[in-house]
**Q** 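The structure is given below, and queries will be raised subsequently.
Throughout, a chain's letter reflects where its sequence line sits, starting with A, and its residues are numbered from 1.
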Number of protein chains: 2
Amino acid sequence: MINPNVSVDCVVFGFDGQRLNALLIEQEDLGQDHRFALPGDHLQDEESLDEAASRVLKELTGLTGLYLRQCGAFGDPNRVSNTNDLPWLRTHRSNPEARVITIAYYALVKMEDFNPSASGFAKRVFWTDTYDIPALAFDHNDIFKQALDTLRKALKDMQVGFKLLPEKFTLTQMQSMHEAILRTAFDKRNFRKKVINDNWVIPLEEKQTGVDHKPARLYRWSKKD
Amino acid sequence: MINPNVSVDCVVFGFDGQRLNALLIEQEDLGQDHRFALPGDHLQDEESLDEAASRVLKELTGLTGLYLRQCGAFGDPNRVSNTNDLPWLRTHRSNPEARVITIAYYALVKMEDFNPSASGFAKRVFWTDTYDIPALAFDHNDIFKQALDTLRKALKDMQVGFKLLPEKFTLTQMQSMHEAILRTAFDKRNFRKKVINDNWVIPLEEKQTGVDHKPARLYRWSKKD
DNA sequence: ACAAAAGTGTTCGGGATACACCCATGC
DNA sequence: GCATGGGTGTATCCCGAACACTTTTGT
């Protein structure tokens with residue numbers, strides 16, 4: 001292998017209408033406590049970094065076609081040398097002591113469109129509230145923080161938010177998403193004025209169904225992906 | 001070597017009072033045309049990515065103590081396989097065909113404080129206008145673009161501009177720097193109002209010397225590095 | 001009728017923009 | 001005295017923030 005110690009790790013964000021969630025995997029049990037981690041794996045020859053990130057997500061979680069962006073490279077010489085990480089490394093890596101450089105990605109998914117299922121060395125895949133992330137393997141908690149920061153900056157530039165919403169959504173859903181990601185409350189009238197005036201969304205004729213109150217108008221994002 | 005095909009490449013920006021410049025190296029001549037590149041080199045064992053970037057700049061240009069920030073990772077399988085790059089790779093790399101993943105950095109220097117001088121495999125080091133960058137080796141032109149984009153975003157957040165100015169500077173110098181980086185013109189009165197009201201700079205009692213017109217007041221940056 | 005969420009306008013303050021002339025110094 | 005850049009104030013516009021009540025639907 002040409003790049004034996006380079007990997008990609010992905011922070012997959014999903015929004016469920018209330019909370020911002022991230023996708024974690026539980027690594028195979030080796031007689032230890034539960035070990036949680038971000039989905040990630042070594043880079044293979046002949047694949048680009050972006051391709052590696054896509055492949056990893058497909059292999060470990062079954063997700064494909066996600067919006068993916070780099071959010072940093074992590075290469076501290078000791079980033080994989082915590083003793084808790086050693087048993088797993090010894091069974092999965094030909095050179096368990098080697099420092100691994102990882103390229104971090106964040107991904108956004110419309111949760112309704114995807115149904116992650118564990119495979120590869122992931123024993124289990126599950127969504128967790130982003131404000132309640134457990135201790136993760138390696139330096140994955142650092143990577144997660146950086147991914148969230150990057151997402152927040154991108155959201156303020158109004159470039160990515162729609163990747164987390166269904167095709168048709170209500171303004172309340174959109175506002176909740178912003179509030180969940182940025183951890184702030186917005187005024188309903190001001191929020192609506194802004195997204196409509198600035199042409200971020202386009203109103204549809206359709207309305208919400210199946211709710212036991214006044215159904216809200218649906219909107220779609222105005223920009224191309 | 002544990003990470004044989006990982007490198008760092010650095011875009012060093014400097015401001016000369018008029019123009020934004022970037023530091024390039026000319027690679028050793030191998031009977032070809034001039035070959036220009038960003039300063040960069042392979043990662044060594046036991047050094048972090050940031051440390052590698054510092055070392056590379058010291059070894060190739062003599063510069064130390066620079067402000068350095070990551071601005072992306074580049075790992076396309078073909079990024080080093082342009083035929084023009086092969087002769088150089090063959091004399092400098094044990095595995096010239098190997099794909100190299102590089103972590104890109106940008107650095108900011110006060111040009112007056114530093115005097116870059118070529119060493120290592122750099123035959124020559126020189127400043128070039130950032131709007132007149134020649135064709136560079138590998139994908140270094142792409143890396144340069146991304147570094148400039150990153151610098152511009154950071155400058156708007158007003159975090160980094162002062163790294164390019166002398167300790168004491170005039171507001172006209174500061175404005176020129178912003179204009180050079182962002183490629184826009186600002187109104188003199190508005191610019192001054194802003195940087196003074198928002199406490200970005202602190203006026204000194206000192207004035208400019210050695211100019212053949214009314215000497216300008218000097219300022220210093222108000223924040224800590 | 002009642003519960004639940006949808007939907008809607010106005011006021012106010014602060015920051016960004018546009019704009020032109022006099023001043024101090026060196027030669 | 002003249003050339004060169006230094007230095008200064010005001011009016012306007014737009015955007016973001018604060019704020020509360022009526023409407024529509026399902027049960």
Side-chain angles (χ1 to χ4, degrees), chain A residues 15-19 152-153 155-159 161 165-166 168-222, chain B residues 15-19 152-153 155-159 161 165-166 168-222:
Chain A
F15 178 67
D16 62 11
Q18 256 84 67
R19 295 170 179 286
R152 284 178 172 158
K153 285 200 185 100
L155 185 72
K156 284 183 195 163
D157 295 344
M158 258 300 148
Q159 294 164 340
L165 292 172
K168 301 170 180 179
F169 52 88
T170 69
L171 294 187
T172 301
Q173 287 172 329
M174 182 175 176
Q175 182 175 343
S176 302
M177 180 194 73
H178 280 250
E179 291 177 339
I181 295 175
L182 299 175
R183 292 233 115 178
T184 47
F186 295 102
D187 178 86
K188 183 160 60 158
R189 282 169 290 192
N190 293 338
F191 186 84
R192 285 161 185 247
K193 236 180 304 175
K194 185 174 181 60
V195 299
I196 292 169
N197 284 348
D198 295 2
N199 264 11
W200 289 339
V201 296
I202 292 171
L204 303 172
E205 289 312 310
E206 246 171 301
K207 301 209 165 183
Q208 226 178 4
T209 56
V211 289
D212 71 342
H213 54 74
K214 174 173 173 179
R217 179 182 289 276
L218 294 173
Y219 290 76
R220 66 177 177 81
W221 193 257
S222 69
Chain B
F15 177 68
D16 62 11
Q18 256 83 68
R19 296 170 178 286
R152 285 180 173 157
K153 285 199 185 101
L155 185 72
K156 284 183 194 162
D157 295 343
M158 258 300 147
Q159 294 163 341
L165 293 172
K168 302 170 182 178
F169 52 87
T170 70
L171 293 187
T172 300
Q173 286 173 328
M174 182 176 177
Q175 182 174 343
S176 302
M177 180 195 72
H178 280 249
E179 292 177 338
I181 295 176
L182 298 175
R183 292 231 115 178
T184 48
F186 296 102
D187 177 86
K188 184 161 58 160
R189 280 169 292 192
N190 294 338
F191 185 84
R192 283 159 188 248
K193 236 181 303 176
K194 184 174 181 63
V195 299
I196 292 170
N197 284 348
D198 295 1
N199 265 8
W200 289 339
V201 296
I202 292 172
L204 303 172
E205 289 313 309
E206 246 170 302
K207 302 210 165 182
Q208 226 178 4
T209 55
V211 289
D212 71 343
H213 54 75
K214 174 175 175 179
R217 178 182 290 274
L218 295 174
Y219 290 75
R220 66 176 176 83
W221 194 257
S222 68

**Q** First and last nucleotide of DNA chain D in contact with chain A, 5' to 3', at under 4.0 Å to a heavy atom: what are they?
**A** D/dG16 to D/dG26
**Q** To the nearest angstrom, how far is B/Lys194 atom NZ from C/dG15 atom P?
**A**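 About 9 Å, once rounded to whole Å.
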**Q** Starting at atom CD of A/Gln208, determine the distance to atom C1' of C/dA5, rounded to an integer number of angstrom.
**A** 9 Å
**Q** Cut-off 3.5 Å, no hydrogens considered: what does the side-chain donor-acceptor table look like for residues 186-195 of chain B, sequence neighbours left out?
**A**
unit_1, atom_1, unit_2, atom_2, d
B/Asp187, OD2, B/Arg189, N, 3.1
B/Asp187, OD2, B/Asn190, N, 2.9
B/Asp187, OD2, B/Asn190, ND2, 3.4
B/Asn190, OD1, B/Lys193, NZ, 3.3
B/Arg192, NH2, B/Thr172, OG1, 3.2

**Q** Indicate, with a heavy-atom threshold strictly under 4.0 Å, whether A/Thr172 touches base, sugar-phosphate, or nothing.
**A** sugar-phosphate
**Q** For every nucleotide of nucleotides 19-27 of chain C, 5' to 3': is a protein heavy atom under 4.0 Å from its base (B), only from its sugar-phosphate (S), or from neither (-)?
**A** BB--BBBS-
**Q** Who passes side chain to side chain donor-acceptor pair (under 3.5 Å) against B/Asp212, sequence neighbours left out?
**A** none
**Q** From CD1 of B/Ile196 over to P of C/dG15, roughly how many Å is that when rounded to an integer?
**A**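 My rounded result for the distance is 15 Å.
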**Q** Is there a side-chain contact between A/Trp221 and A/Met174 in this structure, where contact means two heavy atoms from C-beta onward sitting under 4.5 Å apart?
**A**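 Yes, close enough: below the 4.5 Å cut-off.
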**Q** A/Gln173: which residues meet the side chain to side chain donor-acceptor pair (under 3.5 Å) condition with it, sequence neighbours left out?
**A**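 Partners of A/Gln173 under the side chain to side chain donor-acceptor pair (under 3.5 Å) test: none.
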**Q** With sugar-phosphate meaning primed atoms plus P, OP1 and OP2, does B/Arg192 contact a base, only sugar-phosphate, or nothing at under 4.0 Å between heavy atoms?
**A** base
**Q** Under 3.5 Å, sequence neighbours excluded: what are the donor-acceptor pairs made by side chains of residues 199-209 of chain A?
**A**
unit_1, atom_1, unit_2, atom_2, d
A/Glu206, OE1, A/Lys168, NZ, 2.7
A/Glu206, OE2, A/Lys168, NZ, 3.3
A/Gln208, OE1, A/Ala216, N, 2.9

**Q** What's the spacing between B/Arg152 CZ and B/Ile181 CD1 if we round to 0.5 Å?
**A**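 One finds 9.0 Å between CZ of B/Arg152 and CD1 of B/Ile181.
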**Q** Just how far, in rounded Å, is P of C/dA5 from CG of A/Leu171?
**A** 16 Å
**Q** Within a radius of less than 6.0 Å around CZ of A/Arg217, do more than 12 heavy atoms belonging to other residues, nucleotides or ligands occur?
**A**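 Enclosed.
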**Q** Is any side-chain heavy atom of A/Leu218 less than 4.5 Å from a side-chain heavy atom of A/Phe169?
**A** no
